Amino acid sequence: MKFGIIVFPGSNCDIDCYHVLKDVLGKDVEYIWHDTEELEDFDCIILPGGFSYGDYLRCGAVAQFSKAMEQVRLHAEKGKLVLGICNGFQILTEAGLLSGALVRNKNLKFICDTVALKVENNNTSFTSRYNVGEVIDIPIAHGEGNYVVDEDTLKKMKENGQVLFTYEENPNGSTFNIAGVCNARKNVLGMMPHPERAGEALLGNTDGIKLFQSIIDYLEGGAKNDK
Amino acid sequence: MTNRYKAVGLNKQEYDKILEVLGREPNELELNMYGVMWSEHCSYKHSRALFRHFPTSNERVLQGPGENAGIVDIGDNLAVAMKIESHNHPSAIEPYQGAATGVGGIIRDIFAMGARPIALLNSLRFGEIENSDRVKFLLEGVVEGIAGYGNCIGIPTVGGEVYFNQSYRGNPLVNAMCVGLIEHDKIHRGNASGVGNSIMYVGAATGRDGMGGASFASVELTEESEEKRSAVQVGDPFMEKLLLEACLELLETGCVVGIQDLGAAGLTSACCETATRGEGGMEIDVLKIPRREKGMLPVEVMISESQERMLLIVEKGREEEVNRIVEKWGLYSVVIGKVTNDGFLRVMEGDEVAGEMPADSLDSSGAPKYYKDYEMPAYIKEVKNFTSTDVEEPQDYNETLLALLKSPNLASKEWIYRQYDHMVRTSTVVKPGSDAAVMRVRGSKKGIALTTDCNSRLCYLDPREGSKIAVTEAARNIVCSGAKPLAITDGLNFGSPEKPDRFWQFRESILGISEACRELDTPVISGNVSFYNETETYAIHPTPIIGMVGVLEDVEKACTMEFKEDGDVILLLGNTKDEIGGSEYLARIHGLEKGEVPAINFGLEKKLQAFVLEAIEKGLLQSAHDLSEGGLGVALAECGIGRRLGANVSFETNLRKDILLFSESQSRFILSVKKEKLQQIKDMMETVAAPYEIIGEVTGEKLQVTINDSLTIDMAVNQMEETWRGALACIME
Amino acid sequence: MKAKVYVTLKKSIADPQGFAIKGALNKMGYGKIEDVRIGKLIELDLGDVTKEEADEQLKTMCEKLLANTVIEQYEYEILV
Amino acid sequence: MKAKVYVTLKKSIADPQGFAIKGALNKMGYGKIEDVRIGKLIELDLGDVTKEEADEQLKTMCEKLLANTVIEQYEYEILV
Ligand SMILES: Nc1ncnc2c1ncn2[C@@H]1O[C@H](COP(=O)(O)OP(=O)(O)O)[C@@H](O)[C@H]1O
Ligand SMILES: [Mg+2]
């Protein structure tokens, strides 16, 4: 089982994801440079947080054109796992791998805080270790995390169980309090909160670790994955 | 032509000195280069003479003042690089960009040493905010600028301070501090060594940025370039992130013999400083410098302050290696000249010599140095004319405490640090909101603690004592987090050094810092001076900002200030005296900035700091908090608010109640201890003979303070929290 | 060839920034202002291309990068 | 009365954002693009005011709030 973390110019949380997977969970993980044209070896690709290409023009707008993103698309088409966190989520929506878009926080400010999330669906390879309705504390750090999506799409996403995390107290104006959504096939997850920042007792929070453990369970073949 | 020197901000003697050095008239380019290098900002001509008072070394200091940043050993082959820098004037003109580029500049200083920047702090001062749209605008812009740069580049902003006082209404202060980690054998310096080695330029192209000031001769400038010149620099954190990663990767290869950031005075200062520290000479071709705009004059290129640029001194023959790595990061690099040993900085324009000056005559070793007159200002005597009985005792202490918690100087700064990513790189163990931030050091058990401190009201009333207190309070904050204080960087913000009364403040402050640093064994390893922070009629309060770093041998033992559990015993360490002079209470409640500042006794201070540190290291404390602005009353409230825990405490005292509650006597701490550990603590205190009282316990949902059997404060923690947490947000929204 | 691209949020998408500016303007005494919306103006120097090339390029640039058509609409103008 | 305000960075001010987008467009195959600068487009509905009033209001709004005249310049257009 191998994780790959894509490093775009301007990625910041690549090292944090790496650290959680490698040092905390002891898994095989590699950095992938943004112009890589080969992702065959990897089982789960992570698009980390940060400010790819400075987030100029729109967050994640430029990153979608990198060579690695073409491969991520293929990787996702094969049904393999893709996890986009924060800027990674923004890139996934810009690239059309997830519906909707992320716009400026309602208060127009960058927000760095720890917020309560509710797990809406645990029947996925990303959330199997959580219980439905479980409330977890996960840090957020974004200026544009306000998720917008049209009503029809939202309705379909809800029916299909694609909304995985919602905010208990909406920090950014996000539609339907959405914090994280996946695609219809449930192998691509995008979320604004940073589970990799909640992976160690020393940092005062371990609520995010179960997300990575869920993925590991799935990749090890032991977990449920609805298809 | 008589007044050529005035146009570049120099005086007659200084111009004569140039004539003497060169043995001829300088040309326009040369004159401008002297102008910027001999400006106060680059040459420290008014302050350098006093720096000899600073203690700058001990067995832990690996790099003292004089380089891009200071470096202090934290053991295990690891070290911390740190520096603070002011960006006051740019921030007053354009708060967002001014603050952003301040952050960008200080980060470059850190990675120029080869260190990986791991944390940012900032220290801000503004005029009173409550009824000033201007101050709100400044605060909003400055905070967004700091956030915009730091968040984007991915370095957590973990601490800082902000105060509001009318003395800053015309001159806000924005000081940014950066801290980096480095292994001992990887330290790099800004040396142009090895004759024949290549000088390379990396990063953003050079534009006409940062040339708005007076230090610019206009004789040969066309109107067009006049119009295109801009005093405001725009930061590009994305570019800097690439530059940072590229430089750190380059330094790993061993092909870089020297590295220097391009800061104030741009290429001019980077070239002459690296030359002076190296073989003594350098030749560069100004035509080879990448430019953002067409038609730039050599002088514009040489003194531009465009952001996100670095100068590298590269081993001859390895330039391609540099190009490859730099290109990988989407940047470009170019050879602009070579190291020489003839002692000259030679600026070529193609084949022609455009300027030629002894390199060491430009930089601070050759710049003028002044010993200015100083004289105690008249106000000093006046303000001391105060006794605590001059003010009336408040009627309702609940109200007084709430009023203090609501003061923008004491209220929660969450509105600010919520905009800063303080968690990126997942190393922030103690986040903003406690006494000092604590960062883990990856790959070791250690941690470092960081803080900035300066109570400038005390520095105004007594610059020497106030400055001692700034250093000591910083140390107290570090100790409360469980770390041993190691070293400081100082951001000295003052009025004009040419006025004897201001210069007196500056001198007193330096003497105070020096004494405290010597006492606490925390040498000064880097710093910055910002003068002329004054308007026609008034100057800012003297503001020597102290940035301090400390080390924790075991980061798991980090301690925070908030009470942890019901039933814990609360102790007050130290002595409370009749010392409300200069207090926030006196200023906020009675509208007075007066009095003697609290006295500091280093013997007691050191004893208590050592005690608190040892108790934390032994795992005996639940919480530790130092008492500073707002005194005992505010400190108790702050301890309770963190986890919404009440406390019941009582005192027997001869002091008036307001003095007991709000005096800002030094060397005091509030500790909380589990009952079962109390005896151990008592035993430790007996052996060191530390003054302490057991004042009560953590309990319930209210803060209840009984003084001489009368219940003086009785208030729900919730209510205090709401007031304290909401105050700044309420002003800003 | 130079061009200007105008990118605005679709009507259906809330514009908190515009809303905040409207509030600020109202407070400054412009009480009658009914609506403010903030968009982007992108000025390009396309280099040495014909008008037809410019037109084609601008369209794809807008669709692919300059606007996010999920939430934004665009217009452009080629300057002569 | 409706109006459009165009706010752009002054020529002398670096535009890192435009620079980065230029780089991205060049890489996407638009090699000839020489310059990109990013500004703001502000659309206002000024309510029931005369053209003269609109003109006057827009000028002060721009100077005071919509543009930061230290680094930006503005233009506006009143639509009929
Ligand atoms: N400008 C700022 N940026 C980041 N953090 C800040 C800022 N101002 C205050 N803080 C944080 O708020 C907390 C309280 O600050 P302060 O009252 O100055 O603490 P102290 O009195 O203990 O020095 C500290 O953790 C500090 O780091
Ligand atoms: Mg403190």
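The structure presented is a predicted model; accordingly, all values stated were derived computationally and were not measured. Note that these values count all heavy atoms, side chains included, but never hydrogens, waters or copies made by symmetry.
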Nearest 0.5 Å, what's the [atom1]-[atom2] distance between [X] and [Y]?
X        : Y        : atom1 : atom2 : result
B:Arg425 : A:Asp16  : CZ    : CG    : 7.5 Å
B:Lys431 : A:Leu203 : NZ    : CG    : 7.0 Å
A:Ile15  : B:Thr426 : CD1   : OG1   : 6.0 Å
B:Ser427 : A:His19  : OG    : NE2   : 7.0 Å
B:Gln419 : A:Asn105 : CD    : CG    : 10.5 Å
B:Met423 : A:Asn205 : CE    : CG    : 9.0 Å

Provide the closest heavy-atom pair for B:Leu242 versus A:Gly10 in the form atom of the first, atom of the second, distance. CD2-N, 4.5 Å
Locate the shortest heavy-atom distance separating B:Phe238 from A:Phe51; write the atom from each residue and the value. CD1-O, 4.3 Å
Looking at [Y], is its backbone amide N or carbonyl O close enough to the side chain of [X] to form a donor-acceptor pair, meaning the two atoms are under 3.5 Å apart?
X        : Y        : result
B:Lys241 : A:Ser11  : yes
A:Asp55  : B:Cys152 : no
B:Asp421 : A:Ala141 : no

With a cut-off of 6.0 Å (strictly less than), are more than 12 heavy atoms of other residues, nucleotides or ligands near CD of B:Glu722? no
Would one find more than 12 heavy atoms of other residues, nucleotides or ligands at under 6.0 Å from atom NZ of B:Lys446? yes
Go through the steps to decide whether B:Val143 and A:Phe110 satisfy the test side chain to side chain contact (heavy atoms under 4.5 Å, CB included), and finish with yes or no. CA-CA 10 Å; B:Val143 169; A:Phe110 190 97; over 6 Å; no
Lys/Arg-Asp/Glu bridge criterion (N-O < 4.0 Å) met for B:Glu140, A:Lys109: yes
Under a 4.5 Å heavy-atom cut-off, does chain A meet the side chain of B:Val555, its backbone, both or neither? both
With a 4.5 angstrom heavy-atom cut-off, could you sort out which part of B:Ile155 is near chain A: side chain, backbone, both or neither? neither
With side chains defined as the heavy atoms from C-beta onward, is the minimum distance between [X] and [Y] less than 4.5 Å?
X        : Y        : value
A:Cys112 : B:His422 : yes
A:Trp33  : B:Lys328 : yes
A:Asp113 : B:Tyr417 : no

Counting only heavy atoms closer than 4.5 Å, note whether A:Tyr53 contacts chain B via side chain, backbone, both or neither. both
Looking at chain A, which one of B:Glu144, B:Arg442, B:Glu414 has the largest number of heavy-atom pairs inside 4.5 Å, strictly under? B:Arg442
Report the option among [options] that has the most heavy-atom pairs separated by less than 4.5 Å from atoms of chain B.
options                                : answer
A:His142, A:His194, A:Arg197, A:Glu196 : A:Arg197
A:Pro139, A:Ala201, A:Gly54            : A:Gly54
A:Asp35, A:Asn87, A:Ile111             : A:Ile111

